J.: 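Starting off with a structure, shown below.
Worth saying up front: this structure is predicted, and the values here are computed from it rather than measured.
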Amino acid sequence: MPALLAPGGTLEMAVAAIDEGADIVYVGPLGWSRRPYESEMTDDDIRAAIDYAGGRGRQVRVVLNTFPSPFEMDDLIDKVRLYDSWGVSGFIVTDPGAIALIRKVLPGTLIHVSIGSGITNAWDARFYKALGADVIILPYRWSEIEITAASETSDIGLEVFLFETVQTGKICPGKCIMSSYLKFREWLDIEGKDQFFGSANRGAKECYRVCQVPWVFGSDESAPVSLKLRRDARLMLEQLPNMVGLGVECFKISGRERPTAMIRDLVRFYRKVLTSIGDGTQTDMAIYADELAVLRLRWNVEKRMRVGALIERADGYAEAARFAATS
Amino acid sequence: MFELSTNVASPQQLRRGDFSAYDALYLGDFSCLNYPGNFSADPESLAEAVDRVRALGKKCYLRLYAVPSNHDLPALRRVIEAALPLPFDAFEVHNLGVLQMLREMGCTKPLHLGVFGNLYTDATARVVKDYGVTRVYPNPELSLKEAIYIRDHTPIQVLIPVHGKIPLVVSETCFILEHSGANPDEKCTFPCAKDHWLTRAAGDWSLKDTGRMTLSGSDLCMLEHIDALAAANLTAFYVQSHGESSEYIAAVGRIYREALTRAFSGQPLGALDDSLRELAGLAKMGLCNGYYFESAGRQYVGRA
């Protein structure tokens, strides 16, 4: 039976996901996990999540998927040891150097390669297996063809998002730093860091989703057009039986920034779907289509609101900076 | 003393350009295999090109495609197999899967990790060093302090871009073609030959799009800080010239060659106003260097 991996942006969300049947919940410590602080957890909440999950036979993975500053690698390893001592089952990591260090420090822990690795082919998976990773998350845009190639090139465990998109637009995340080129903010006290400047890739400084606001695009010789830089992904369904058949061992719901109710309902839905595939009671996904359509609509509404909030926050930082410069 | 390098995509550019200011050339466009005459995609052009560059007394590095999908790997292997026996001084690799492939092919050529290799830490530098990487191009988000720390604590040579637009994003498909109305089944007519810009009035944002890569709108410019770079014992410098004219490449090279020569011989840089004015004149959307100084990339920090 493939595992269902669900987000725990808050302790409330982590508990809801476990209650609805997630096998594994992933949680991010403040300042270390590519999400704004309101979607990350204090160490106390992480411990509570580990205890809650463990008491119900479930697992917690701690997300340390920023690209750390070279100055903070010792701090990262301290965090890894701490969470391991509390019983966390593994880590979700991006930086190859961090993966190598964690493998050395905790030979028996489970390491997922995060989507921030920006892989583009099956040999990437082979590299990370050689590095010591156990599981790798595959990009939204990969289909069964790429999954087959990955499983033939390496025996690393395969994890797939419950989202799909077409191969188009910018590669995100992992090969994009537009947000930090355009906008930066200082660390806040809440994140517990005061030394290094960072970016979306480095934690606690939000990605402002600049790819999802309208831009004007053109050359000197063409009429300008207004467009967004990236297409949205959508929740996936029809492919799931094939993917299970291809050996995908873990399916992931992303969405630490979404409301708890959204995640609760998604976990409930996909728990039902994956269980029916896993125990062979249902292979025709059409019976779930209407329910998925409602969830897709809700997801899009929530996402648009979130992007709007982030852009407004970005503009607010611009105003603060201008005010500071002229004060 | 120091090495100043830049990139050359094709035999045509190599023939027409003035690279007299440069010590080394990176051959190929790592972002688009369809670019006309792209060294990164044309095994048969490599022998003549590397001989030409070496005859000019320069080092010659071959760029490998940055974001190969599975179906690109066979052609990539052919480029590597053609290049291995040639006197390239190094291959530049962005993709870690290709790094793994090179190891398993028995490649002993020195390797450079390119900008999209996402080098952020000395720990990662040690990992890739074990694969034969001798130079790294740190992710542009890193500050100068961080780049120097990586150099010292790996240890490994770091490439420091000093001028040109900053690579921000790479894609597997062409943004310009997707929005040009062209039929995707027809042969590409290279609309990227014209400069394309992404602009947003709110926030005064600008980016340059070359199809499969998005670059900063402003040009990175470290001219005012060359003496500090020399004082930090940094030695490998790079002018990012993807999509720029021959005139740009020659002028920028000349200005930085002069500044670097003065800095490395202990002479003061002197008045830079004229050079800065010339560089600003070549930069349609202005100058920037903010990442090096722990700020948003598009900010510009001048000499105090």
J.: Look at Val98(B), Asp122(B), Val115(B) and state which one has the largest set of heavy-atom pairs under 4.5 Å with chain A.
T.: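 Of the options given, most contacts go to Asp122(B).
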J.: Relative to chain A, which segment of Leu198(B) carries a heavy atom at a distance below 4.5 Å: side chain, backbone, both, or neither?
T.: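 Both the backbone and the side chain of Leu198(B) come within 4.5 Å of chain A.
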J.: Once rounded to the nearest 0.5 Å, what's the spacing between atom CZ of Phe116(B) and atom CG of Leu168(B)?
T.: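 Reported value, rounded in 0.5 Å steps: 7.5 Å.
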J.: Determine, for Asp195(B) against Lys208(B), whether the closest basic-nitrogen to carboxylate-oxygen distance falls under 4.0 angstrom.
T.: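 Salt bridge flag = yes for Lys208(B) with Asp195(B).
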J.: Tell me, please, whether Tyr131(B) has Arg103(B) positioned over its six-membered ring: NZ or CZ under 6.0 Å from the ring centre and within 45 degrees of its axis?
T.: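 Cation-pi check for Arg103(B) and Tyr131(B): passes.
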J.: In terms of heavy-atom pairs under 4.5 Å, which option from His179(B), Met213(B), Gln100(B), His153(B) contacts chain A the most?
T.: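 Top option by heavy-atom pairs under 4.5 Å: Gln100(B).
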J.: Main chain of Tyr291(B), side chain of Ser295(B): is a donor-acceptor contact present, judged purely on distance under 3.5 Å?
T.: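 A pair under 3.5 Å: no.
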J.: Within the distance-only criterion (no hydrogens, no angle test), does the side chain of Asn139(B) pair as donor or acceptor with the backbone N or O of Leu142(B) below 3.5 angstrom?
T.: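 Answer holds: no.
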J.: Do you know which two heavy atoms are closest between Leu138(A) and Phe161(A), and how far apart they sit?
T.: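 Closest approach of Leu138(A) to Phe161(A), heavy atoms only: O-CD1, 3.7 Å.
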J.: Counting only heavy atoms closer than 4.5 Å, note whether Ile99(A) contacts chain B via side chain, backbone, both or neither.
T.: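 Neither part.
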J.: Could you have a look at Val128(B), Val169(B), Ile176(B) and say which one has the most heavy-atom pairs with chain A under 4.5 angstrom?
T.: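 Max contact count across the listed options: Val169(B).
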J.: Which bit of Val216(A) comes within less than 4.5 Å of chain B, counting heavy atoms only: side chain, backbone, both or neither?
T.: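 Both backbone and side chain.
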J.: Measure Pro191(B) against the heavy atoms of chain A and call it side chain, backbone, both or neither at under 4.5 Å.
T.: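 When you check distances to chain A, no heavy atom of Pro191(B) falls under 4.5 Å.
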J.: Apply the test ring pair (Phe, Tyr, Trp, His ring centres under 6.0 Å) to residues Phe293(B) and His225(B): give CA-CA distance (whole Å), side-chain angles for both, the deciding distance (0.1 Å), then the verdict.
T.: CA-CA 11 Å; Phe293(B) 302 102; His225(B) 305 279; 4.6 Å; yes
J.: State, without any angle test, whether Glu92(B) and His94(B) hold a side-chain donor-acceptor pair at a distance under 3.5 Å.
T.: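 A donor-acceptor contact under 3.5 Å links the two side chains.
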J.: Looking at Thr214(B), Asp209(B), Asn70(B), Val127(B), which makes the most heavy-atom pairs under 4.5 Å with chain A?
T.: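 Most heavy-atom pairs under 4.5 Å with chain A: Asn70(B).
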J.: Tell me, side chain or backbone of Glu104(B) under 4.5 Å from chain A's heavy atoms, or both, or neither?
T.: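 Contact with chain A: side chain only.
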J.: Would you mind checking which part of Pro214(A) comes under 4.5 Å of any heavy atom in chain B, side chain (CB onward), backbone (N, CA, C, O), both or neither?
T.: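 Contact with chain B: backbone only.
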J.: Under a 4.5 Å heavy-atom cut-off, does chain A meet the side chain of Ser206(B), its backbone, both or neither?
T.: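 Answer is backbone: N, CA, C or O of Ser206(B) sit under 4.5 Å from chain A.
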J.: Output, in order, the C-alpha distance, side-chain angles, deciding distance and verdict of ring pair (Phe, Tyr, Trp, His ring centres under 6.0 Å) for His112(A) and Phe91(A).
T.: CA-CA 6 Å; His112(A) 291 236; Phe91(A) 301 92; over 10 Å; no
J.: Side chain, backbone, both or neither: which part of Leu101(A) has a heavy atom under 4.5 Å from chain B?
T.: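 Interface part for Leu101(A): side chain.
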J.: Between Arg135(B) (side chain only) and Ala236(B) (backbone N and O only), is there a donor and an acceptor less than 3.5 Å apart?
T.: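 Checked: no pair found.
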J.: Looking at chain B, which one of Ala100(A), Ala149(A), Pro68(A) has the largest number of heavy-atom pairs inside 4.5 Å, strictly under?
T.: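 Result: the option with the highest number of such pairs is Pro68(A).
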J.: Tell me, out of Ile166(B), Leu207(B), Leu119(B), Leu99(B), who's got the most heavy-atom pairs with chain A below 4.5 Å.
T.: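 Max contact count across the listed options: Leu207(B).
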J.: Out of Pro68(B), Cys288(B), Ala123(B), return the one with the most heavy atom pairs under 4.5 angstrom to chain A.
T.: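 Looking at each of Pro68(B), Cys288(B), Ala123(B) in turn, Pro68(B) comes out on top.
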J.: Using heavy-atom distances under 4.5 Å, tell me whether Ala130(A) contacts chain B through its side chain, its backbone, both, or neither.
T.: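 Only the side chain of Ala130(A) comes within 4.5 Å of chain B.
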